[in-house]
Amino acid sequence: MNRYIAFDVETPNHENNRMSAIGITVIENGEITDEFYSLVNPETYFDYFNTRLTGISEDSVAQSPAFDEVWQKIKPLMESGMLVAHNAVFDLGVLKKCLQAYGIEWRPYTRYICTVQAGRRLLPSISHRLNDMCDYYNISLNHHHAASDSRACAEILLRYIQDGADISKNIRTYKFT
């Protein structure tokens with residue numbers, strides 16, 4: 001695989017069934033080649049905790065597109081390579097719930113790599129929280145900002161590859177149906 005699509009979502013509340021932001025970082029042939037970021041109007045309520053954590057509020061997304069509009073822009077990117085996320089089951093779960101909420105059919109399953117799970121195999125003696133991994137690799141991070149988190153995830157994956165990891169052993173399948 002020569003193309004990886006690292007992504008990260010932020011959510012407006014504890015239900016984790018809508019997104020308030022998405023960041024995507026594309027890796028092609030070992031280099032970051034493209035990035036995308038958008039606030040997303042989740043068309044639902046915000047918890048104080050999530051607003052405080054992400055800095056995203058109902059007011060800040062009021063003029064932002066809803067998920068179905070954002071999906072039209074990102075679908076080609078999301079289909080163009082192997083999906084990657086840090087704690088991927090969370091981000092894929094939010095994506096699945098958003099697709100369902102808007103009645104959007106996508107694929108029945110997708111292949112993905114979780115940089116947390118890969119890291120636990122490759123570096124078992126350290127913490128794999130995103131901020132700790134960024135400290136370990138000296139990667140800049142504005143934590144809980146989807147663009148920064150997706151870029152950090154991409155850079156972590158690149159470090160794994162540069163260190164000689166066989167990433168193919170970390171490919172998993174996520175079901176959307």
Return the [atom1] to [atom2] distance between [X] and [Y], rounded to the nearest 0.5 Å.
| X | Y | atom1 | atom2 | answer |
| --- | --- | --- | --- | --- |
| Ser127 | Arg120 | OG | CZ | 8.5 Å |
| Ser20 | Glu43 | OG | CD | 13.0 Å |
| Ile32 | Thr25 | CD1 | OG1 | 6.0 Å |
| Leu92 | Lys97 | CG | NZ | 11.5 Å |
| Ile167 | Ile113 | CD1 | CD1 | 5.5 Å |
| Arg52 | Ile56 | CZ | CD1 | 15.5 Å |

Any side-chain heavy-atom pair from [X] and [Y] closer than 4.5 angstrom?
| X | Y | result |
| --- | --- | --- |
| Arg18 | Tyr102 | yes |
| Leu83 | Asp91 | no |
| Ile126 | Met133 | yes |
| Pro12 | Asn50 | no |

Any idea which heavy atoms bring [X] and [Y] closest together, and the distance?
| X | Y | value |
| --- | --- | --- |
| Leu39 | Ser64 | CB-OG, 3.4 Å |
| Tyr160 | Thr115 | OH-O, 2.9 Å |
| Gly55 | Ser60 | O-OG, 4.4 Å |
| Met19 | Pro42 | O-CB, 3.4 Å |
| Cys153 | His86 | SG-N, 3.6 Å |
| Ala66 | Val40 | C-CG1, 4.0 Å |

*Residue pair Val26, Arg3: steps toward the side-chain contact (heavy atoms from CB on, under 4.5 Å) verdict*: CA-CA 7 Å; Val26 179; Arg3 188 169 166 94; 3.4 Å; yes
Whether over 12 other heavy atoms sit under 6.0 Å from [X] [atom1]:
| X | atom1 | result |
| --- | --- | --- |
| Tyr45 | OH | yes |
| Asn138 | CG | no |
| Gln162 | CD | yes |

Is a side-chain N or O of [X] found less than 3.5 angstrom from the main chain of [Y], in a donor-acceptor match?
| X | Y | result |
| --- | --- | --- |
| Arg159 | Tyr137 | yes |
| His128 | Leu123 | yes |
| Asn13 | Glu15 | yes |

Any link between [X] and [Y] through a network of hydrophobic side chains (Ile, Leu, Val, Met, Phe, Trp, Tyr) touching at under 4.5 Å?
| X | Y | answer |
| --- | --- | --- |
| Ile24 | Ile27 | no |
| Val61 | Ile74 | no |
| Leu130 | Ile5 | no |
| Leu158 | Met82 | yes |
| Leu157 | Ile22 | no |

*Val89/Tyr112 under side-chain contact (heavy atoms from CB on, under 4.5 Å): CA gap, chis, key distance, verdict*: CA-CA 9 Å; Val89 172; Tyr112 73 93; 3.9 Å; yes
*asked:* Tell me which one of Asn16, Thr54, Asn17 satisfies side chain to side chain donor-acceptor pair (under 3.5 Å) with Thr11.
replied: Asn16
Side chains of residues 139-146: which donor-acceptor partners sit under 3.5 Å, not counting sequence neighbours?
unit_1: His143; atom_1: ND1; unit_2: Asp149; atom_2: OD1; d: 3.4
unit_1: His145; atom_1: ND1; unit_2: Ala147; atom_2: N; d: 3.3

*Carefully, step by step, assess Leu95 and Trp106 under the rule side-chain contact (heavy atoms from CB on, under 4.5 Å).*
CA-CA 11 Å; Leu95 176 61; Trp106 193 33; 4.1 Å; yes
Give the table of side-chain donor-acceptor pairs shorter than 3.5 Å for residues 169-177, with sequence neighbours excluded, one pair per line with atom names and distance.
unit_1: Asn170; atom_1: OD1; unit_2: Arg121; atom_2: NH1; d: 3.3
unit_1: Arg172; atom_1: NH1; unit_2: Lys169; atom_2: O; d: 3.3
unit_1: Thr173; atom_1: OG1; unit_2: Arg111; atom_2: NH1; d: 3.0

*Which is it for Ile161 and Tyr4 under the side-chain contact (heavy atoms from CB on, under 4.5 Å) test, yes or no, and what are the steps along the way?*
CA-CA 12 Å; Ile161 293 168; Tyr4 300 93; 4.2 Å; yes
*Any chance you could lay out the salt bridge (Lys or Arg N to Asp or Glu O under 4.0 Å) test for Glu69 and Lys73, step after step, and finish with the verdict?*
CA-CA 7 Å; Glu69 293 176 63; Lys73 293 178 186 174; over 6 Å; no
